[in-house]
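Encoded as structure tokens, the structure appears first; notes follow it.
Worth saying up front: this structure is predicted, and the values here are computed from it rather than measured. Only heavy atoms go into these numbers, but all of them, side chains included; no hydrogens, no water, no symmetry mates.
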Amino acid sequence: PSVTRGICMSKSRKEDKPFSGTEVGTLIESFRNDISVIAEDVSTIRVDMNILKRDVRDLKKRMISVDDVIRVFIPKINSRASVLEAKVG
């Protein structure tokens, strides 16, 4: 017999033979366990997504600050470069 997710499956089982109550109960319990595992994973993913959203918001704010600094200093740098070019040229 092969084992799939804790359920023993016999290869000699005929297709038309109905499942026993024990087999159905085992299947249901297996599904409950699988659903429970999935629910735990989804909960963890939600927490991780919230952390990522917060981090992206923080990075966006920092990038805006960097952009503002660059926007202010580029004209000053261009002005200094022009002065240096004039002195050299």
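- At a threshold of 4.5 Å between non-hydrogen side-chain atoms, the residues Asn33 and Val37 do not count as touching.
- In this structure, CD1 in Ile70 is found 7.0 Å from CE in Met63, a value given to the nearest 0.5 Å.
- Within the model, atoms CG of Leu52 and CZ of Arg57 stand 11.0 Å from one another, a figure rounded to the nearest 0.5 Å.
- In this structure, the side chain of Ser30 does not engage the main chain of Thr26 through any donor-acceptor pair within 3.5 Å.
- Under the 3.5 Å distance criterion, the side-chain polar atoms of Ser79 are left unmatched by any main-chain donor or acceptor of Pro75.
- Atoms CD1 and CG, from Ile77 and Leu84 in turn, are 11.5 Å apart once rounded to the nearest 0.5 Å.
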>> Does Asp58 form a salt bridge (charged side-chain N to carboxylate O under 4.0 Å, His left out) with Arg62? I'd like the steps, not just the answer.
In response: CA-CA 6 Å; Asp58 292 345; Arg62 293 175 71 189; over 6 Å; no
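- To the nearest 0.5 Å, atom CG of residue Asn50 and atom CG of residue Asp55 are 11.0 Å apart.
- Rounding to the nearest 0.5 Å gives a distance of 14.5 Å between CZ of Arg46 and CD1 of Ile51.
- Note that the CG atom of Asp41 and the OG1 atom of Thr44 stand 6.0 Å from one another [nearest 0.5 Å].
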